[in-house]
Participant: 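Please see the structure below; I have some questions.
Because only heavy atoms are used, hydrogens play no part in the values below, and waters and symmetry mates are left out as well, while side chains stay in. Ligands are counted one by one from 1 in listed order, and the atoms in each one are counted from 1 as well.
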Amino acid sequence: MSDWSAKNPYMTTITENFILNGKGSSKETRHVVFALEDSGLDYKVGDALGVIPENPPHIVDELIEVQGWNPNHIVTTHNGDRELRVALKKDFEVHLANKKFVASLAQKIVSSGIDISMSFVNRQRTVITSGSSGSAQLLLPSVPSDDPASKIEAINSTTETIENYLWTRDYIDIMREFNVKYSPEEFLDLADRLKPRLYSIASSHDAHPGFVELTVGIVRFEYNNRPRGGLCTQFLADEIGTTGEPIGIFMSPTKSFILPENKDIDIIMVGPGTGIAPFRAFMEQRVHDGGGGRNWLFFGDQSEKTEYYYKDTIESWLDEGHLYQFTTAWSRDQVEKIYVQHRMKEHGKELWNWIDNGAYFYVCGDKSRMAKDVHRALIEIAMEHGGMNETDATDFIEKTMMREQKRYLRDVY
Ligand SMILES: Cc1cc2nc3c(=O)[nH]c(=O)nc-3n(C[C@H](O)[C@H](O)[C@H](O)COP(=O)(O)OP(=O)(O)OC[C@H]3O[C@@H](n4cnc5c(N)ncnc54)[C@H](O)[C@@H]3O)c2cc1C
Ligand SMILES: NC(=O)c1ccc[n+]([C@@H]2O[C@H](COP(=O)([O-])OP(=O)(O)OC[C@H]3O[C@@H](n4cnc5c(N)ncnc54)[C@H](OP(=O)(O)O)[C@@H]3O)[C@@H](O)[C@H]2O)c1
């Protein structure tokens with residue numbers, strides 16, 4: 001066992017980092033490989049990897065410029081005394097603004113005596129954003145045109161108005177908008193500490209000794225003509241690449257999202273999008289370990305042409321009989337949306353037979369929509385093919401399978 005942790009990460013390098021999507025895709029999903037070298041780090045399938053990102057240098061530099069700070073000024077942080085530029089890059093999240101900062105604006109404009117003749121926009125703005133799951137229209141609050149205090153009050157009026165406001169602005173936007181100046185210490189007191197990001201491991205250590213591999217959906221969006229995005233995913237895609245620069249990692253082991261000990265037990269895996277990550281690892285492990293259990297994988301994403309991640313590997317598992325069934329849901333290859341839960345229901349009778357015979361059921365990927373719909377589909381399958389009423393079906397899925405037998409397992413985020 002090694003002592004690497006979030007507080008004491010192993011500094012390693014990325015050996016492979018490439019886009020899995022085909023040309024013309026609206027998504028950017030990457031396969032990223034980290035070397036474990038002499039770290040002593042080990043993992044089992046189902047575990048997650050912690051990655052320590054850094055803020056993009058262009059945001060750090062712009063922040064320093066907008067505030068007129070001295071980048072070499074020494075500040076005290078939770079990681080010790082540092083130059084301000086290093087603290088902004090490594091210790092705090094400065095790529096997106098937080099609520100605490102917005103709440104501080106009212107006090108700040110009073111104490112700074114901000115010129116209230118500044119021009120403000122007085123209309124409801126609709127901002128179109130495009131994220132991985134399509135476009136969203138967001139209504140920003142209508143605010144008085146010539147009074148910063150009223151504008152800040154309107155922004156801070158409800159959780160929704162604050163969230164809408166923050167959705168399209170970072171610290172630099174807000175500082176420019178209100179022409180506010182903070183001392184480095186004041187700002188760092190408000191900013192969130194930088195947090196590591198977790199990723200479901202997409203490899204079996206037995207199949208890739210000395211390496212750990214991830215499937216990462218890059219978060220990118222744009223507003224006010226400036227490209228923005230997720231801290232860690234952009235760091236992996238744009239900053240670190242395969243530059244050989246060191247990057248901090250640590251293992252986050254799971255106790256529950258594990259393969260059945262008995263290798264003869266069947267497993268059903270539902271992992272659309274990046275949810276495929278742990279199931280690539282599960283499959284590699286099941287192939288390595290042998291055993292008579294059958295493997296059924298449900299996968300889906302926008303289009304077969306551009307999102308069929310790990311196609312060659314999946315086809316070879318099918319050819320060699322390791323993958324008993326591969327059921328796909330390409331959501332945008334036809335007019336109506338087809339999702340994994342629709343495919344589950346189409347195959348409801350067979351799926352129920354597997355579950356009835358003791359199969360493990362795994363789900364990985366989007367927590368807010370997909371996992372809930374898959375859960376509902378399971379209950380409906382138990383009703384339709386298991387002859388249960390809704391209460392019994394819900395009880396069976398949530399109590400018996402999930403809590404007592406621990407064979408309905410989720411890794412959702
Ligand atoms: C156990 C676990 C396993 C995970 N496994 C994986 C995995 O295998 N693969 C994977 O890709 N991810 C995985 N994740 C998610 C991952 O940890 C990160 O949350 C994800 O990569 C985003 O991190 P980030 O730093 O790039 O984005 P952040 O900097 O954290 O930013 C994301 C934020 O951007 C906001 N945002 C998104 N779109 C817009 C927009 N259009 N306008 C304004 N704001 C927007 C979102 O609201 C969100 O708050 C996992 C999470 C957990 C907890
Ligand atoms: N917590 C975080 O910080 C964080 C960060 C990044 C991502 N995420 C989540 O992780 C998810 C994974 O992103 P991803 O790009 O890998 O995949 P994704 O956006 O979940 O998309 C994968 C597939 O799932 C489909 N889908 C959409 N809604 C669904 C539903 N209700 N039920 C079943 N399938 C559904 C999508 O179809 P359509 O797109 O055609 O509708 C697509 O075909 C994101 O959805 C996001 O919510 C979370």
Participant: Look at atom 50 (C) of ligand 1 and find which of Thr254, Thr233, Leu198 reaches it with the closest heavy atom.
Facilitator: Leu198
Participant: Has ligand 2 got any nitrogen or oxygen that is less than 3.5 angstrom from a nitrogen or oxygen of Tyr339?
Facilitator: yes
Participant: Which class fits the ring pair Tyr182 and Phe101: parallel under 30°, tilted 30 to 60°, perpendicular over 60°?
Facilitator: tilted
Participant: Test of understanding: given a 4.0 Å heavy-atom threshold, classify the contact between Glu307 and ligand 2 as side chain, backbone, both, or neither.
Facilitator: neither
Participant: Check the orientation of Phe298 and Trp296. Use parallel for under 30°, tilted for 30 to 60°, and perpendicular for over 60°.
Facilitator: parallel
Participant: Run the numbers for me: atoms of ligand 2, each under 4.0 Å from some heavy atom of Asp373, listed by number.
Facilitator: 30 (C), 31 (N), 32 (N)
Participant: Looking only at heavy atoms, is any part of Lys367 under 4.0 Å from ligand 2, and if so is it the side chain, the backbone, or both, or is it neither?
Facilitator: neither
Participant: Indicate yes or no: does an N/O atom of Trp167 lie under 3.5 Å from an N/O atom of ligand 1?
Facilitator: yes
Participant: Considering only NZ, NE, NH1 and NH2 on the basic side and carboxylate oxygens on the acidic side, decide whether Asp173 and Arg228 come within less than 4.0 Å.
Facilitator: yes
Participant: Given side-chain hydrogen bond (donor to acceptor under 3.5 Å, both in side chains), test Thr158 with Thr161 step by step and report yes or no.
Facilitator: CA-CA 5 Å; Thr158 67; Thr161 55; 3.2 Å; yes
Participant: I need the atoms of ligand 2 closer than 4.0 Å to a non-hydrogen atom of Gly273, numbered in the order shown.
Facilitator: 16 (O), 17 (O), 22 (C)
Participant: Does the gap between the ring centers of Trp352 and Phe396 come in under 6.0 Å?
Facilitator: yes
Participant: What I want to check is whether the side chains of Glu350 and His385 have a donor and an acceptor closer together than 3.5 Å.
Facilitator: no
Participant: Check this for me - ligand 1, Ala48, N or O atoms closer than 3.5 angstrom, yes or no?
Facilitator: no
Participant: Out of all atoms in ligand 2, which are within 4.0 Å of some heavy atom of Gln341? Include the element for each.
Facilitator: 30 (C), 32 (N), 33 (C)
Participant: Check the orientation of Trp354 and Tyr324. Use parallel for under 30°, tilted for 30 to 60°, and perpendicular for over 60°.
Facilitator: tilted
Participant: Going by heavy-atom distance to atom 25 (O) of ligand 1, choose the closest among Pro196, Ser252, Cys232, Pro53.
Facilitator: Cys232
Participant: Do the ring centers of Phe257 and Tyr362 come within less than 6.0 Å of each other?
Facilitator: yes
Participant: Within ligand 1, which atoms have a heavy atom of Val216 less than 4.0 Å away?
Facilitator: 11 (O)
Participant: Will you find, in the side chains of Ser203 and Glu213, an N or O donor that is under 3.5 Å from an N or O acceptor?
Facilitator: no
Participant: Would you check the N or O atoms of Asp366, main chain and side chain alike, for any that come under 3.5 Å of an N or O of ligand 2?
Facilitator: yes
Participant: So which of Tyr199, Tyr310, Tyr309 actually passes side-chain hydrogen bond (donor to acceptor under 3.5 Å, both in side chains) with Thr215?
Facilitator: Tyr310
Participant: Can you tell me which portion of Leu231 lies within the under-4.0 Å heavy-atom range of ligand 1? Options are side chain, backbone, both, or neither.
Facilitator: both
Participant: Does Gly217 reach ligand 2, in the sense of a heavy atom lying below 4.0 Å from it?
Facilitator: no
Participant: Give the single entry among Thr328, Val216, Thr274 that approaches atom 13 (O) of ligand 2 most closely by any heavy atom.
Facilitator: Thr274
Participant: For Asp411 and ligand 1, answer yes if some heavy atom of the residue is under 4.0 Å from a ligand atom, otherwise no.
Facilitator: yes
Participant: Please tell me whether Phe187 and Tyr171 form a close aromatic pair, meaning their ring centres lie under 6.0 Å apart.
Facilitator: yes
Participant: Which option, Asp301, Leu198, Val219, Ile218, owns the non-hydrogen atom nearest atom 22 (C) of ligand 2?
Facilitator: Asp301
Participant: Considering only heavy atoms, does Arg332 approach ligand 2 within less than 4.0 Å through its side chain, its backbone, both, or neither?
Facilitator: side chain
Participant: So is there a nitrogen or oxygen of Thr215 less than 3.5 Å from a nitrogen or oxygen in ligand 1?
Facilitator: yes
Participant: When you look for heavy atoms under 4.0 Å from ligand 1, do you find them on the side chain of Arg228, its backbone, both, or neither?
Facilitator: neither
Participant: Which bit of Tyr413 gets closer than 4.0 Å to ligand 1, counting heavy atoms only: side chain, backbone, both or neither?
Facilitator: side chain
Participant: Check residues 243-253 and write down every donor-acceptor pair under 3.5 Å in which the side-chain atom is one partner and the other belongs to a residue at least two apart or another chain.
Facilitator:
{"from": "Thr243", "atom 1": "OG1", "to": "Ile240", "atom 2": "O", "distance (Å)": "2.7"}
{"from": "Thr243", "atom 1": "OG1", "to": "Glu245", "atom 2": "N", "distance (Å)": "3.2"}

Participant: Going by the order shown, which atoms of ligand 2 are within less than 4.0 Å of some heavy atom of Tyr413?
Facilitator: 10 (O)
Participant: Checking side-chain polar atoms at under 3.5 Å, does Ser368 have a donor or acceptor matched by the opposite partner on Asp366?
Facilitator: yes
Participant: Closer than 4.0 Å to some heavy atom of Gly230 - which atoms of ligand 1 meet that?
Facilitator: 24 (P), 25 (O), 26 (O), 27 (O), 28 (P), 29 (O), 31 (O)
Participant: Evaluate the salt bridge (charged side-chain N to carboxylate O under 4.0 Å, His left out) criterion for residues Glu222 and Arg226: first the C-alpha distance (whole Å), next the side-chain angles of each, then the deciding distance (0.1 Å), finally the verdict.
Facilitator: CA-CA 6 Å; Glu222 191 181 301; Arg226 278 175 58 200; over 6 Å; no
